[in-house]
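Here is the structure we will look at.
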Amino acid sequence: MIEFKSDFLRTLTERGYIHQQTDAAALDHQACSGIVTAYIGFDATADSLHVGSLVQIMLLRRLQQAGHRPIVLMGGGTTKVGDPSGRDETRQLLTDEQINANIAGIREIFGHFLRFDDSPTGAVMVNNDDWLSSLKYIPFLRDIGRHFSINRMLTMDSVKLRLEREQPLTFLEFNYMILQGYDFVELNKRYGCTLQMGGSDQWGNILQGVDLGRRVREQALFGLTSPLITTSSGAKMGKTASGAVWLSGKRLPAYDYWQHWRNTEDADVGRFLRMFTDLPMPEIARLERLQGAEINEAKKILATETTGLCHGEGVARAAIDTAAKAFSGATAQGLPSVLLASGTQLPVIDAVVALGMAASKGEARRLIDQGGVKLNDKPVQSATAVVSAVDLDEQGTARLAVGKKRHGLIKRA
RNA sequence: GGAGGGGUACCCAAGCGGCCAACGGGGGCAGACUGUAAAUCUGCUGGCUUAUGCCUUCGUAGGUUCGAAUCCUACCCCCUCCA
(Lines give C-alpha, C1' and ligand atoms only; values in the text may rest on other atoms or scores of the structure.)
Protein backbone atom coordinates (compact mmCIF):
# COMPACT_ATOMS: atom_id res chain seq x y z
CA MET A 1 0.00 0.00 0.00
CA ILE A 2 1.49 3.31 -1.06
CA GLU A 3 1.58 6.30 1.24
CA PHE A 4 -1.13 8.74 0.18
CA LYS A 5 -0.69 12.49 0.34
CA SER A 6 -4.35 13.50 0.17
CA ASP A 7 -6.44 13.62 3.33
CA PHE A 8 -9.22 11.84 1.54
CA LEU A 9 -7.35 8.71 0.55
CA ARG A 10 -5.37 8.62 3.78
CA THR A 11 -8.58 8.61 5.76
CA LEU A 12 -10.15 5.93 3.61
CA THR A 13 -7.08 3.76 3.96
CA GLU A 14 -6.68 4.03 7.70
CA ARG A 15 -10.37 3.49 8.29
CA GLY A 16 -10.56 0.47 6.04
CA TYR A 17 -12.86 1.59 3.27
CA ILE A 18 -10.79 0.56 0.30
CA HIS A 19 -11.10 -2.79 -1.33
CA GLN A 20 -9.98 -2.09 -4.88
CA GLN A 21 -9.19 1.01 -6.86
CA THR A 22 -7.92 2.13 -10.21
CA ASP A 23 -4.88 4.36 -10.61
CA ALA A 24 -4.48 5.28 -6.95
CA ALA A 25 -1.50 7.60 -7.38
CA ALA A 26 -3.25 9.71 -10.02
CA LEU A 27 -6.39 10.02 -7.90
CA ASP A 28 -4.28 10.95 -4.91
CA HIS A 29 -2.64 13.68 -6.94
CA GLN A 30 -5.99 15.00 -8.09
CA ALA A 31 -7.35 15.02 -4.54
CA CYS A 32 -4.35 17.09 -3.46
CA SER A 33 -4.63 19.66 -6.17
CA GLY A 34 -8.32 20.49 -6.09
CA ILE A 35 -11.87 19.46 -5.42
CA VAL A 36 -12.78 15.98 -6.58
CA THR A 37 -16.36 15.28 -7.51
CA ALA A 38 -17.38 11.69 -6.87
CA TYR A 39 -20.60 9.71 -6.95
CA ILE A 40 -22.23 6.55 -5.72
CA GLY A 41 -25.42 5.11 -7.15
CA PHE A 42 -28.39 3.96 -5.06
CA ASP A 43 -31.57 2.13 -5.96
CA ALA A 44 -34.90 3.81 -5.49
CA THR A 45 -36.78 0.61 -4.71
CA ALA A 46 -37.77 1.57 -1.15
CA ASP A 47 -38.36 4.78 0.74
CA SER A 48 -35.42 4.10 3.01
CA LEU A 49 -31.95 2.62 2.79
CA HIS A 50 -30.68 0.08 5.31
CA VAL A 51 -27.35 -0.47 7.00
CA GLY A 52 -26.17 -2.44 3.97
CA SER A 53 -25.75 0.93 2.26
CA LEU A 54 -24.15 2.62 5.22
CA VAL A 55 -20.57 2.05 4.04
CA GLN A 56 -21.39 3.86 0.82
CA ILE A 57 -23.09 6.68 2.67
CA MET A 58 -20.08 7.05 4.93
CA LEU A 59 -17.77 7.08 1.93
CA LEU A 60 -19.58 10.13 0.61
CA ARG A 61 -19.44 11.72 4.05
CA ARG A 62 -15.68 11.20 4.26
CA LEU A 63 -15.34 12.69 0.80
CA GLN A 64 -17.15 15.82 1.82
CA GLN A 65 -15.28 16.04 5.13
CA ALA A 66 -12.05 15.99 3.15
CA GLY A 67 -13.17 19.00 1.14
CA HIS A 68 -14.59 17.39 -1.95
CA ARG A 69 -18.00 17.19 -3.55
CA PRO A 70 -20.30 14.15 -3.27
CA ILE A 71 -23.03 13.28 -5.73
CA VAL A 72 -25.79 10.93 -4.71
CA LEU A 73 -27.06 9.26 -7.84
CA MET A 74 -30.56 7.90 -7.53
CA GLY A 75 -31.33 5.08 -9.91
CA GLY A 76 -34.76 6.41 -10.80
CA GLY A 77 -34.32 5.45 -14.44
CA THR A 78 -33.04 1.98 -13.80
CA THR A 79 -35.64 1.39 -11.09
CA LYS A 80 -38.31 2.28 -13.60
CA VAL A 81 -37.14 -0.50 -15.86
CA GLY A 82 -37.32 -2.91 -12.92
CA ASP A 83 -34.33 -4.62 -11.46
CA PRO A 84 -34.24 -8.09 -12.98
CA SER A 85 -31.97 -9.65 -10.37
CA GLY A 86 -33.78 -12.05 -8.11
CA ARG A 87 -34.97 -14.67 -10.50
CA ASP A 88 -38.14 -15.98 -8.93
CA GLU A 89 -40.45 -13.32 -10.18
CA THR A 90 -40.17 -10.12 -12.08
CA ARG A 91 -40.46 -7.40 -9.56
CA GLN A 92 -43.46 -5.26 -9.33
CA LEU A 93 -42.83 -2.28 -11.53
CA LEU A 94 -42.91 0.94 -9.61
CA THR A 95 -44.84 3.95 -10.76
CA ASP A 96 -43.27 7.37 -11.16
CA GLU A 97 -45.02 8.56 -8.01
CA GLN A 98 -43.68 5.68 -5.96
CA ILE A 99 -40.17 6.22 -7.25
CA ASN A 100 -40.34 9.93 -6.50
CA ALA A 101 -41.69 9.24 -3.03
CA ASN A 102 -38.85 6.78 -2.45
CA ILE A 103 -36.29 9.30 -3.60
CA ALA A 104 -37.77 11.86 -1.21
CA GLY A 105 -37.48 9.40 1.67
CA ILE A 106 -33.89 8.60 0.82
CA ARG A 107 -33.00 12.27 0.47
CA GLU A 108 -34.16 12.78 4.04
CA ILE A 109 -31.70 10.15 5.24
CA PHE A 110 -28.82 11.67 3.34
CA GLY A 111 -29.65 14.99 4.93
CA HIS A 112 -28.27 13.60 8.18
CA PHE A 113 -24.99 12.49 6.65
CA LEU A 114 -24.20 15.10 4.01
CA ARG A 115 -24.43 18.84 3.64
CA PHE A 116 -26.53 19.75 0.61
CA ASP A 117 -26.00 23.29 -0.70
CA ASP A 118 -24.66 25.31 -3.61
CA SER A 119 -21.14 25.66 -2.27
CA PRO A 120 -18.27 24.08 -4.21
CA THR A 121 -18.32 21.09 -1.87
CA GLY A 122 -22.07 20.96 -1.33
CA ALA A 123 -23.63 17.59 -1.96
CA VAL A 124 -25.90 17.08 -4.95
CA MET A 125 -28.60 14.50 -5.52
CA VAL A 126 -29.41 13.60 -9.09
CA ASN A 127 -31.66 11.09 -10.78
CA ASN A 128 -30.43 9.09 -13.75
CA ASP A 129 -33.96 9.06 -15.08
CA ASP A 130 -33.18 12.60 -16.27
CA TRP A 131 -31.00 11.25 -19.05
CA LEU A 132 -31.74 7.54 -19.34
CA SER A 133 -35.43 7.88 -20.14
CA SER A 134 -34.83 10.10 -23.11
CA LEU A 135 -32.17 7.94 -24.71
CA LYS A 136 -32.82 6.87 -28.26
CA TYR A 137 -32.03 3.24 -28.82
CA ILE A 138 -30.23 3.33 -32.17
CA PRO A 139 -28.13 6.44 -31.50
CA PHE A 140 -27.26 5.04 -28.08
CA LEU A 141 -26.11 1.76 -29.56
CA ARG A 142 -24.00 3.54 -32.14
CA ASP A 143 -22.43 6.05 -29.77
CA ILE A 144 -22.07 4.00 -26.63
CA GLY A 145 -22.80 0.37 -27.42
CA ARG A 146 -19.93 0.12 -29.89
CA HIS A 147 -17.47 0.68 -27.06
CA PHE A 148 -18.58 -2.41 -25.19
CA SER A 149 -17.14 -5.78 -26.04
CA ILE A 150 -19.33 -8.79 -25.41
CA ASN A 151 -16.20 -10.88 -25.01
CA ARG A 152 -15.15 -8.70 -22.13
CA MET A 153 -18.61 -8.46 -20.61
CA LEU A 154 -18.86 -12.23 -20.51
CA THR A 155 -15.77 -12.39 -18.36
CA MET A 156 -17.25 -10.04 -15.76
CA ASP A 157 -17.79 -11.78 -12.46
CA SER A 158 -21.42 -10.81 -12.20
CA VAL A 159 -22.15 -12.36 -15.58
CA LYS A 160 -19.80 -15.30 -15.30
CA LEU A 161 -21.22 -16.40 -11.96
CA ARG A 162 -24.74 -16.37 -13.30
CA LEU A 163 -23.81 -18.40 -16.32
CA GLU A 164 -21.79 -20.91 -14.35
CA ARG A 165 -24.59 -21.41 -11.89
CA GLU A 166 -27.01 -21.79 -14.76
CA GLN A 167 -29.13 -19.02 -13.41
CA PRO A 168 -31.10 -16.92 -15.84
CA LEU A 169 -29.64 -13.69 -17.06
CA THR A 170 -31.87 -11.53 -19.16
CA PHE A 171 -30.73 -9.19 -21.89
CA LEU A 172 -32.20 -6.36 -19.85
CA GLU A 173 -29.94 -7.18 -16.96
CA PHE A 174 -27.02 -7.65 -19.27
CA ASN A 175 -27.49 -4.02 -20.24
CA TYR A 176 -27.20 -2.75 -16.71
CA MET A 177 -23.47 -2.36 -16.80
CA ILE A 178 -23.77 -0.37 -19.98
CA LEU A 179 -26.31 1.99 -18.46
CA GLN A 180 -24.22 2.33 -15.35
CA GLY A 181 -21.13 3.04 -17.38
CA TYR A 182 -23.09 5.64 -19.26
CA ASP A 183 -24.20 7.26 -16.00
CA PHE A 184 -20.59 7.88 -15.11
CA VAL A 185 -19.87 9.55 -18.44
CA GLU A 186 -22.99 11.65 -18.17
CA LEU A 187 -22.08 12.80 -14.66
CA ASN A 188 -18.61 13.65 -15.89
CA LYS A 189 -20.14 15.77 -18.63
CA ARG A 190 -22.63 17.50 -16.34
CA TYR A 191 -20.73 17.87 -13.09
CA GLY A 192 -17.10 17.14 -13.88
CA CYS A 193 -17.40 14.00 -11.81
CA THR A 194 -14.22 11.93 -12.00
CA LEU A 195 -14.66 9.21 -9.39
CA GLN A 196 -17.22 6.51 -8.90
CA MET A 197 -17.31 4.58 -5.66
CA GLY A 198 -19.40 1.60 -4.64
CA GLY A 199 -19.49 -1.81 -3.03
CA SER A 200 -17.07 -4.46 -4.21
CA ASP A 201 -19.85 -6.10 -6.22
CA GLN A 202 -19.90 -2.97 -8.37
CA TRP A 203 -16.27 -3.22 -9.41
CA GLY A 204 -17.00 -4.57 -12.87
CA ASN A 205 -19.64 -1.98 -13.59
CA ILE A 206 -17.41 0.79 -12.36
CA LEU A 207 -14.56 -0.32 -14.58
CA GLN A 208 -16.87 -0.25 -17.58
CA GLY A 209 -17.64 3.36 -16.78
CA VAL A 210 -13.97 4.23 -16.39
CA ASP A 211 -13.22 2.65 -19.75
CA LEU A 212 -16.12 4.31 -21.45
CA GLY A 213 -15.02 7.68 -20.13
CA ARG A 214 -11.61 7.25 -21.62
CA ARG A 215 -13.04 6.26 -24.98
CA VAL A 216 -15.81 8.78 -25.51
CA ARG A 217 -14.57 11.71 -23.41
CA GLU A 218 -10.84 11.05 -23.35
CA GLN A 219 -11.05 11.62 -19.64
CA ALA A 220 -9.18 9.90 -16.87
CA LEU A 221 -11.89 8.59 -14.57
CA PHE A 222 -11.34 6.70 -11.35
CA GLY A 223 -13.04 3.85 -9.57
CA LEU A 224 -12.91 2.77 -5.95
CA THR A 225 -14.76 0.03 -4.14
CA SER A 226 -15.34 -0.73 -0.49
CA PRO A 227 -15.13 -4.23 0.97
CA LEU A 228 -18.28 -6.23 1.52
CA ILE A 229 -19.13 -5.82 5.16
CA THR A 230 -19.87 -9.02 6.98
CA THR A 231 -19.76 -9.70 10.68
CA SER A 232 -16.83 -11.68 11.99
CA SER A 233 -18.95 -14.80 12.03
CA GLY A 234 -19.61 -14.35 8.36
CA ALA A 235 -23.17 -13.11 8.31
CA LYS A 236 -24.14 -10.31 5.99
CA MET A 237 -24.71 -7.17 7.95
CA GLY A 238 -28.11 -5.68 8.26
CA LYS A 239 -30.37 -8.69 8.24
CA THR A 240 -32.43 -9.48 11.29
CA ALA A 241 -35.41 -11.70 11.90
CA SER A 242 -37.77 -8.77 11.81
CA GLY A 243 -36.33 -7.57 8.53
CA ALA A 244 -33.71 -5.14 7.40
CA VAL A 245 -32.06 -2.65 9.70
CA TRP A 246 -33.49 0.49 8.15
CA LEU A 247 -31.94 3.90 8.48
CA SER A 248 -35.27 5.66 8.52
CA GLY A 249 -36.84 6.12 11.93
CA LYS A 250 -40.23 5.55 10.35
CA ARG A 251 -39.17 2.04 9.37
CA LEU A 252 -37.10 1.18 12.42
CA PRO A 253 -37.34 3.03 15.73
CA ALA A 254 -34.10 4.70 16.79
CA TYR A 255 -33.98 2.57 19.93
CA ASP A 256 -33.90 -0.60 17.83
CA TYR A 257 -31.23 0.93 15.65
CA TRP A 258 -29.17 1.64 18.75
CA GLN A 259 -29.68 -1.94 19.93
CA HIS A 260 -28.50 -3.30 16.62
CA TRP A 261 -25.13 -1.62 17.09
CA ARG A 262 -25.02 -2.42 20.79
CA ASN A 263 -25.11 -6.10 19.86
CA THR A 264 -22.06 -5.93 17.62
CA GLU A 265 -19.67 -8.87 17.97
CA ASP A 266 -16.49 -8.17 19.93
CA ALA A 267 -14.29 -8.78 16.93
CA ASP A 268 -16.11 -6.16 14.86
CA VAL A 269 -16.07 -3.26 17.28
CA GLY A 270 -12.87 -1.59 16.07
CA ARG A 271 -13.68 -2.02 12.42
CA PHE A 272 -17.17 -0.63 12.83
CA LEU A 273 -16.00 2.31 14.92
CA ARG A 274 -13.56 3.25 12.18
CA MET A 275 -16.08 2.95 9.39
CA PHE A 276 -19.31 4.10 10.92
CA THR A 277 -18.37 6.81 13.39
CA ASP A 278 -16.47 10.08 13.22
CA LEU A 279 -14.49 9.36 16.38
CA PRO A 280 -10.78 10.18 16.04
CA MET A 281 -8.47 7.27 15.40
CA PRO A 282 -6.55 7.40 18.71
CA GLU A 283 -9.82 7.23 20.61
CA ILE A 284 -10.91 4.24 18.56
CA ALA A 285 -7.58 2.54 19.20
CA ARG A 286 -8.13 2.97 22.91
CA LEU A 287 -11.67 1.56 22.80
CA GLU A 288 -10.55 -1.33 20.66
CA ARG A 289 -8.01 -2.40 23.26
CA LEU A 290 -10.65 -2.93 25.93
CA GLN A 291 -10.81 -6.54 26.97
CA GLY A 292 -13.50 -8.86 28.24
CA ALA A 293 -16.65 -7.28 29.54
CA GLU A 294 -15.11 -3.84 29.28
CA ILE A 295 -15.57 -3.88 25.54
CA ASN A 296 -19.26 -3.35 26.23
CA GLU A 297 -18.39 0.26 26.91
CA ALA A 298 -16.99 0.51 23.41
CA LYS A 299 -20.16 -1.03 22.03
CA LYS A 300 -22.30 1.53 23.77
CA ILE A 301 -20.19 4.30 22.32
CA LEU A 302 -20.42 2.70 18.89
CA ALA A 303 -24.20 2.48 19.20
CA THR A 304 -24.59 6.02 20.44
CA GLU A 305 -22.30 7.49 17.80
CA THR A 306 -23.93 5.67 14.89
CA THR A 307 -27.41 6.45 16.16
CA GLY A 308 -26.40 10.07 16.62
CA LEU A 309 -25.25 10.33 13.02
CA CYS A 310 -28.39 8.75 11.66
CA HIS A 311 -31.09 10.07 14.00
CA GLY A 312 -29.53 12.99 15.85
CA GLU A 313 -27.68 13.27 19.14
CA GLY A 314 -30.71 13.86 21.30
CA VAL A 315 -32.35 10.70 20.03
CA ALA A 316 -29.17 8.74 20.60
CA ARG A 317 -28.93 9.93 24.20
CA ALA A 318 -32.55 8.95 24.77
CA ALA A 319 -31.79 5.49 23.39
CA ILE A 320 -28.83 4.93 25.68
CA ASP A 321 -30.94 6.01 28.63
CA THR A 322 -33.80 3.72 27.66
CA ALA A 323 -31.40 0.82 27.28
CA ALA A 324 -29.72 1.46 30.61
CA LYS A 325 -33.07 1.31 32.38
CA ALA A 326 -34.53 -1.56 30.43
CA PHE A 327 -31.52 -3.77 31.06
CA SER A 328 -31.18 -2.93 34.73
CA GLY A 329 -34.74 -3.82 35.54
CA ALA A 330 -35.99 -0.27 35.88
CA THR A 331 -38.96 1.08 34.03
CA ALA A 332 -37.83 2.74 30.86
CA GLN A 333 -40.14 5.06 29.00
CA GLY A 334 -39.52 4.98 25.30
CA LEU A 335 -40.14 1.28 24.93
CA PRO A 336 -43.08 -0.03 22.97
CA SER A 337 -46.17 -0.36 25.14
CA VAL A 338 -49.71 -1.68 25.24
CA LEU A 339 -52.57 -0.39 27.34
CA LEU A 340 -54.47 -2.27 30.03
CA ALA A 341 -57.96 -0.97 30.63
CA SER A 342 -58.66 -0.62 34.32
CA GLY A 343 -60.48 -3.51 35.94
CA THR A 344 -59.66 -5.86 33.06
CA GLN A 345 -57.13 -8.59 32.49
CA LEU A 346 -54.87 -9.01 29.52
CA PRO A 347 -53.57 -12.46 28.64
CA VAL A 348 -49.79 -12.40 28.56
CA ILE A 349 -49.94 -14.09 25.18
CA ASP A 350 -51.93 -11.23 23.72
CA ALA A 351 -49.60 -8.67 25.23
CA VAL A 352 -46.57 -10.37 23.72
CA VAL A 353 -48.20 -10.36 20.30
CA ALA A 354 -49.43 -6.79 20.63
CA LEU A 355 -45.91 -5.61 21.45
CA GLY A 356 -44.61 -7.28 18.32
CA MET A 357 -42.44 -9.69 20.30
CA ALA A 358 -44.04 -12.73 18.68
CA ALA A 359 -45.62 -13.10 15.28
CA SER A 360 -48.52 -15.23 16.48
CA LYS A 361 -50.17 -16.47 19.62
CA GLY A 362 -48.73 -19.89 18.98
CA GLU A 363 -45.25 -18.43 18.98
CA ALA A 364 -46.02 -16.54 22.17
CA ARG A 365 -47.12 -19.81 23.80
CA ARG A 366 -43.94 -21.52 22.75
CA LEU A 367 -41.86 -18.70 24.18
CA ILE A 368 -43.64 -19.02 27.50
CA ASP A 369 -43.20 -22.80 27.49
CA GLN A 370 -39.49 -22.33 26.98
CA GLY A 371 -39.23 -19.86 29.81
CA GLY A 372 -38.46 -16.97 27.51
CA VAL A 373 -41.11 -14.55 28.72
CA LYS A 374 -40.74 -12.50 31.88
CA LEU A 375 -43.23 -10.22 33.57
CA ASN A 376 -41.54 -7.80 35.97
CA ASP A 377 -38.42 -10.00 35.83
CA LYS A 378 -40.30 -13.13 36.89
CA PRO A 379 -40.63 -15.92 34.33
CA VAL A 380 -44.18 -16.42 33.20
CA GLN A 381 -45.07 -19.98 34.19
CA SER A 382 -48.21 -20.68 32.25
CA ALA A 383 -49.41 -19.88 28.78
CA THR A 384 -52.75 -18.87 30.26
CA ALA A 385 -51.26 -16.28 32.62
CA VAL A 386 -52.82 -12.83 32.58
CA VAL A 387 -51.66 -9.33 33.38
CA SER A 388 -53.94 -7.44 35.73
CA ALA A 389 -53.86 -4.40 37.98
CA VAL A 390 -51.83 -6.20 40.65
CA ASP A 391 -48.89 -6.47 38.26
CA LEU A 392 -48.68 -2.72 37.74
CA ASP A 393 -46.40 -0.55 39.86
CA GLU A 394 -47.21 2.84 41.41
CA GLN A 395 -46.81 4.50 38.01
CA GLY A 396 -49.27 2.03 36.51
CA THR A 397 -46.65 0.20 34.48
CA ALA A 398 -45.57 -3.41 34.17
CA ARG A 399 -42.47 -4.64 32.37
CA LEU A 400 -42.64 -7.46 29.90
CA ALA A 401 -39.55 -9.05 28.37
CA VAL A 402 -38.96 -11.70 25.75
CA GLY A 403 -35.51 -13.14 25.94
CA LYS A 404 -32.82 -10.93 27.33
CA LYS A 405 -32.98 -8.19 24.80
CA ARG A 406 -36.53 -7.41 23.87
CA HIS A 407 -38.44 -5.26 26.30
CA GLY A 408 -41.87 -3.71 26.37
CA LEU A 409 -44.29 -2.08 28.76
CA ILE A 410 -47.88 -2.59 29.79
CA LYS A 411 -49.50 0.61 30.98
CA ARG A 412 -52.74 1.46 32.68
CA ALA A 413 -55.11 2.98 30.15
C1' G B 1 -40.70 -25.06 -32.75
C1' G B 2 -38.62 -30.31 -30.96
C1' A B 3 -36.57 -33.47 -26.84
C1' G B 4 -35.49 -33.94 -21.75
C1' G B 5 -35.31 -32.10 -16.53
C1' G B 6 -37.67 -29.18 -12.81
C1' G B 7 -41.19 -25.70 -9.64
C1' U B 8 -42.04 -28.32 -1.80
C1' A B 9 -42.34 -23.84 4.10
C1' C B 10 -37.49 -17.70 5.19
C1' C B 11 -33.25 -20.30 1.98
C1' C B 12 -31.20 -25.06 0.25
C1' A B 13 -33.28 -29.75 -0.11
C1' A B 14 -35.84 -34.88 0.84
C1' G B 15 -40.58 -37.15 0.15
C1' C B 16 -43.43 -39.80 -5.16
C1' G B 17 -51.07 -42.69 -2.71
C1' G B 18 -52.60 -43.06 3.99
C1' C B 19 -47.50 -43.55 9.42
C1' C B 20 -47.16 -35.70 6.01
C1' A B 21 -47.96 -29.72 8.97
C1' A B 22 -44.31 -32.67 5.48
C1' C B 23 -36.82 -35.99 6.69
C1' G B 24 -32.20 -33.28 6.85
C1' G B 25 -29.14 -28.79 6.66
C1' G B 26 -28.80 -23.41 6.90
C1' G B 27 -31.00 -19.25 9.01
C1' G B 28 -34.02 -17.44 13.03
C1' C B 29 -35.98 -17.50 18.10
C1' A B 30 -35.74 -19.29 23.23
C1' G B 31 -33.02 -21.86 27.34
C1' A B 32 -28.05 -23.10 29.72
C1' C B 33 -22.99 -20.90 30.06
C1' U B 34 -21.70 -15.42 29.76
C1' G B 35 -20.53 -9.60 29.14
C1' U B 36 -27.24 -7.39 25.81
C1' A B 37 -20.28 -10.73 22.63
C1' A B 38 -18.37 -15.18 20.18
C1' A B 39 -18.03 -20.44 20.50
C1' U B 40 -20.60 -24.72 22.50
C1' C B 41 -24.81 -27.68 24.18
C1' U B 42 -30.47 -28.22 24.45
C1' G B 43 -35.32 -27.09 22.70
C1' C B 44 -38.61 -24.72 19.26
C1' U B 45 -39.52 -23.03 14.26
C1' G B 46 -47.88 -22.80 9.55
C1' G B 47 -52.53 -20.62 12.03
C1' C B 48 -56.51 -20.98 15.68
C1' U B 49 -57.66 -23.50 20.08
C1' U B 50 -55.76 -26.55 23.94
C1' A B 51 -55.14 -30.61 24.59
C1' U B 52 -53.93 -34.46 20.77
C1' G B 53 -59.39 -31.26 17.36
C1' C B 54 -60.22 -27.86 13.37
C1' C B 55 -58.39 -24.66 9.35
C1' U B 56 -54.72 -23.28 5.52
C1' U B 57 -50.15 -24.88 2.85
C1' C B 58 -45.99 -28.71 -1.45
C1' G B 59 -46.35 -23.53 -9.23
C1' U B 60 -52.10 -22.52 -10.92
C1' A B 61 -56.92 -24.68 -12.07
C1' G B 62 -59.64 -28.96 -12.49
C1' G B 63 -60.13 -34.50 -12.02
C1' U B 64 -59.44 -39.82 -10.14
C1' U B 65 -59.73 -41.93 -5.06
C1' C B 66 -62.67 -43.64 1.21
C1' G B 67 -57.90 -40.78 1.19
C1' A B 68 -53.15 -36.84 -2.95
C1' A B 69 -47.22 -32.94 -2.01
C1' U B 70 -47.43 -37.89 -4.21
C1' C B 71 -51.71 -40.50 -9.83
C1' C B 72 -54.36 -38.00 -14.37
C1' U B 73 -55.59 -33.48 -17.56
C1' A B 74 -54.89 -28.46 -18.93
C1' C B 75 -52.29 -24.08 -18.13
C1' C B 76 -48.17 -20.82 -16.20
C1' C B 77 -42.96 -20.34 -15.06
C1' C B 78 -37.63 -21.96 -14.95
C1' C B 79 -33.28 -24.89 -16.68
C1' U B 80 -30.45 -28.03 -20.38
C1' C B 81 -29.71 -29.80 -25.36
C1' C B 82 -31.26 -29.44 -30.56
C1' A B 83 -33.41 -25.98 -34.38
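Treat the numbers as computed from the prediction; the structure is a model and nothing was measured. Each chain gets a letter, A, B and so on, in the order the sequences are listed, and its residues count up from 1.
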Could you tell me whether the phosphate oxygens of B:A37, OP1 or OP2, come under 4.0 Å of any side-chain nitrogen or oxygen in A:K405? yes
Could you go over nucleotides 20-27 of chain B and give all protein N or O partners under 3.5 Å, atom names and distances?
none

Do any side-chain nitrogens or oxygens of A:S360 fall under 4.0 Å of OP1 or OP2 in B:C48? yes
Assess whether atom CD of A:E363 is packed by more than 12 heavy atoms of other residues, nucleotides or ligands within 6.0 Å. yes
Residues in ring pair (Phe, Tyr, Trp, His ring centres under 6.0 Å) with A:F222, at least two apart? none
Can you give me every donor-acceptor pair (side chain of residues 343-351 of chain A, partner residue at least two apart or in another chain, under 3.5 Å) with its distance?
residue : atom : partner : partner atom : Å
A:T344  : OG1  : A:A341  : O            : 2.5

Thinking salt bridges, do A:R62 and A:D278 make one under a 4.0 Å N-O criterion? yes
In this structure, which stretches of RNA chain B are paired as stems of three or more consecutive Watson-Crick or G-U pairs, both distances less than 3.5 Å? B:1-7 with B:76-82, B:10-12 with B:24-26, B:27-32 with B:40-45, B:46-48 with B:53-55, B:59-63 with B:71-75
Report each atom pair, protein N/O against N/O of nucleotides 49-51 of chain B, whose distance is under 3.5 angstrom.
residue : atom : partner : partner atom : Å
B:U49   : OP1  : A:K361  : NZ           : 3.1
B:U49   : OP2  : A:R365  : NH2          : 3.4

A:D377: which residues meet the side chain to side chain contact (heavy atoms under 4.5 Å, CB included) condition with it, sequence neighbours left out? A:R399
Distance, rounded to the nearest Å, where A:K404 contributes NZ and B:C29 contributes C1': 12 Å
Would you mind checking if A:K299 and A:E294 are paired as a salt bridge, meaning a charged N to carboxylate O distance below 4.0 Å? no
With rounding to whole Å, what would you report as the distance between B:C12 and B:C23 at their C1' atoms? 14 Å
Would you measure the distance from the C1' atom in B:A9 across to the matching atom in B:U56 and give it in whole Å? 12 Å
For A:Y255, which residues count as a ring pair (Phe, Tyr, Trp, His ring centres under 6.0 Å) partner, sequence neighbours excluded? none
Is A:A323 touching bases, backbone alone, or none of the nucleic acid, heavy atoms closer than 4.0 Å? base
Does A:F140 have any ring pair (Phe, Tyr, Trp, His ring centres under 6.0 Å) partners at least two apart in sequence or in another chain, and if so, which? A:Y182
Taking atom C1' of B:G31 as reference, at what distance in whole Å does atom CD1 of A:I368 sit? 15 Å
On RNA chain B, nearest-nucleotide positions of A:G372 versus A:W258: which is more 5'? A:G372
Tell me every residue that passes ring pair (Phe, Tyr, Trp, His ring centres under 6.0 Å) with A:F327, counting only those two or more places apart in sequence or in another chain. A:H407
Which nucleotide in B:A30, B:A38, B:C33 has an atom nearest any side-chain atom of A:E265: B:A38
Validation: residues 301-317 of chain A side-chain donor-acceptor distances under 3.5 Å, sequence neighbours left out:
residue : atom : partner : partner atom : Å
A:T304  : OG1  : A:W258  : NE1          : 3.0
A:T304  : OG1  : A:K300  : O            : 2.8
A:T306  : OG1  : A:L302  : O            : 2.9
A:T306  : OG1  : A:A303  : O            : 3.0
A:T307  : OG1  : A:A303  : O            : 2.6

Verify ring pair (Phe, Tyr, Trp, His ring centres under 6.0 Å) between A:F276 and A:W261, making sure each step is shown before the conclusion. CA-CA 10 Å; A:F276 301 119; A:W261 292 102; 5.2 Å; yes
Close residues, residues 284-313 of chain A, relative to RNA chain B [heavy-atom separation under 4.0 Å]: A:G292, A:A293, A:I295, A:N296, A:K299
May I ask you to check whether A:Y191 and A:Y39 place their ring centers less than 6.0 Å from one another? no
If you compare every side-chain N and O of A:R406 against the phosphate oxygens of B:A30 (OP1, OP2), does one of them come in below 4.0 Å? yes
Please measure how far the P atom in B:G4 lies from the corresponding atom in B:G18, and state the result in whole Å. 28 Å
Report yes if a donor N or O on one partner sits less than 3.5 Å from an acceptor N or O on the other, where the partners are the side chain of A:E363 and the base of B:U45; otherwise report no. no
The answer to which of A:G403 and A:R262 contacts RNA chain B further toward the 5' end, by nearest nucleotide, is A:G403
Interatomic distance, A:I40 atom CD1 to A:S53 atom OG [nearest 0.5 angstrom]: 9.5 Å
In this structure, OG1 of A:T194 is separated from CZ of A:F184 (nearest 0.5 Å) by 6.5 Å
Is any side-chain N or O of A:Q370 under 3.5 Å from a base N or O of B:G31, one able to act as donor and the other as acceptor? no
With a 4.0 Å cut-off on heavy atoms, is A:R366 in touch with a base, just the backbone sugar-phosphate, or nothing at all? sugar-phosphate
For A:P280, which residues count as a side chain to side chain contact (heavy atoms under 4.5 Å, CB included) partner, sequence neighbours excluded? A:P282, A:E283
